[in-house]
Visitor: 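Could you have a look at this structure, given as structure tokens, before my questions?
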Amino acid sequence: MKFNKVGQVSLVSAIALILASTFTACNPTTIDYVFVAGNKENPGQIQTFLADRVSGALSVQGSTVSSGGVDPVSMAVSTDFANLYVANQGSSTLVQFSISGSAALASVSTITLSSEGNTPVGIAMNAAGTLLYVVNQYQPGCSTAVAGAATCNGGALAVFPVGTTGTLGSPVANGSLSYWPVGINPTAVNPLANGEAVYFSTYNPTAGLGYLYGFTSSTAGALTSIPGNATISGTPFFAGVKPVGIASTPTSRFVYVTDFAQNEIIAYSVLGNGVLQPLINGPFKTGNQPSAITIDPRGIYIYVSNELDNSVSAYEIALSTGTPSAAVNTTGSATNTTGTQPVAILVDPGYGRFVYTANFLDNSVTGFELNASTGTLSPAQSGPYPTVGQPAAIASVPHGNHSVEVVQP
């Protein structure tokens, strides 16, 4: 049977259409949804982006929504990617949003922090999706914190159980308290992936010292302090001068902290019972004023945003020792340029192929493509991407079913 030229063109077009439809159905163009919270407006605003599977380019999805409070500073997502949690520092609220299949956000509930402390600075979900950790600047009834004072002498760590639908329960009790005391000026929180411990960073500018408070955690969220000094209960681990960001590997073997004041990463091995031991060959150099830190889903690469340099530092982790070694970018430089003052950073959870920073002062997100073989970064297409005013927090959920294999030593 022969086809004339018109028939051949029609047949080819039909086959191409079928193949294109099949490819699109199996491989969605959108790999992730990216959420950016800005605190310039009152209330704060959350903007949603679609991340392109091939290029990593971001495009706006829908309209912005209210963060449900003033000054959103931190976000976390549930492990089933069905809920987004936002900490509003200015109004001391936690807001739960449901995430639809098209990334539409709908406010579900709001908790006003009181007996748990107030003025949240960071939140994080445990890997099991059952506990939300909230670190607050001040203890209940306080608006200042003075180290060594009888009252109002530090920050407060609260633990909220997470129900099967993502709702937050009453905070886990610590005796008669609804929180665990930590030092003054808390900055960040990070639970280990294995659920055995959680760490919080603080600093004391008068003493010129930074600290990590560690706690072991029961499945119900009850915490027990990990002594930084083996002979003194409740003492923290030393962490430079001004630690502001924490990340840990998916294997729960290593913890990394950025020291904003000394321009370095401090690295720790996790020993038994969550005890931290600094790597003897550290600390490790970063750019100027490193703040946010993230590790790719495979557990191979570290990325740090440097606020003063407007850059991202990239490192490859030596899996046997935890040592981070600097990875240069494709131009032969260790500098990956961002917008002005990158304050938050993440690696996409879909394929672990793209890195994004929220740039506070120029109202943008910068995107990079991650070379999975080397860890080096190259600019994503069509960036930077304009955002809501003063973006301070960034979060992402995968679109479709993806899995990224954790690399074991």
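Numbers here are sequence positions counted from 1. Since the model is a prediction, treat every value here as computed from it, not as a measurement.
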Visitor: Of the non-hydrogen atoms in V121 and Q137, which two are nearest, and what is the gap between them?
Guide: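 Result for this residue pair: CG1-OE1, 3.2 Å.
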Visitor: Do P161 and V172 have side chains that get closer than 4.5 Å, going by heavy atoms?
Guide: yes
Visitor: With sequence neighbours excluded, give me every disulfide bond (SG atoms under 2.5 Å apart) pair touching residues 182-226.
Guide: none
Visitor: So, S201 side chain and A188 main chain: donor-acceptor pair closer than 3.5 Å or not?
Guide: yes
Visitor: Identify, with sequence neighbours excluded, every residue that meets salt bridge (charged side-chain N to carboxylate O under 4.0 Å, His left out) alongside E369.
Guide: R353
Visitor: Given side chain to side chain contact (heavy atoms under 4.5 Å, CB included), test L276 with L212 step by step and report yes or no.
Guide: CA-CA 9 Å; L276 298 179; L212 276 187; 3.6 Å; yes
Visitor: Using side-chain heavy atoms (C-beta onward) and a distance below 4.5 Å, is E116 in contact with F160?
Guide: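 In contact.
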Visitor: Specify the closest pair of heavy atoms between S66 and I46, including all atoms of both residues, with the distance to one decimal.
Guide: O-CD1, 4.4 Å
Visitor: Show every side chain to side chain donor-acceptor pair (under 3.5 Å) that has at least one partner inside residues 276-286, sequence neighbours left out.
Guide: N281-T323
Visitor: Is there a side-chain contact between P140 and Y179 (heavy atoms, below 4.5 Å)?
Guide: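 Contact flag for P140/Y179 side chains = yes.
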Visitor: Tell me if a side-chain donor or acceptor on N190 pairs with a main-chain N or O of Y199 at a distance below 3.5 Å.
Guide: no
Visitor: So, D71 side chain and N39 main chain: donor-acceptor pair closer than 3.5 Å or not?
Guide: no
Visitor: Could you tell me whether F81 atom CZ has more than 12 heavy atoms of other residues or ligands within 6.0 Å of it?
Guide: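 Yes - once you tally the heavy atoms of other residues, nucleotides and ligands closer than 6.0 Å, there are more than 12.
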Visitor: Which heavy atom of Y33 sits nearest a heavy atom of S102, and at what distance?
Guide: OH-CA, 3.7 Å
Visitor: Is it true that a side-chain atom of D259 and a backbone atom of K242 form a donor plus acceptor pair closer than 3.5 Å?
Guide: yes
Visitor: Is it the case that over 12 heavy atoms from other parts of the model lie below 6.0 angstrom from the CG atom of D80?
Guide: yes
Visitor: For the side chain of T258 and the backbone of I265, is there at least one donor-acceptor N/O pair under 3.5 Å apart?
Guide: no
Visitor: Which residue in the set N336, N306, T294 passes side chain to side chain contact (heavy atoms under 4.5 Å, CB included) when paired with V312?
Guide: N336
Visitor: When you measure from the side chain of Y213 to the backbone N and O of G228, does any donor-acceptor pair fall under 3.5 Å?
Guide: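 Answer holds: no.
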Visitor: Please lay out, stage by stage, how L94 and V134 fare under the test side chain to side chain contact (heavy atoms under 4.5 Å, CB included).
Guide: CA-CA 9 Å; L94 291 176; V134 180; 3.7 Å; yes
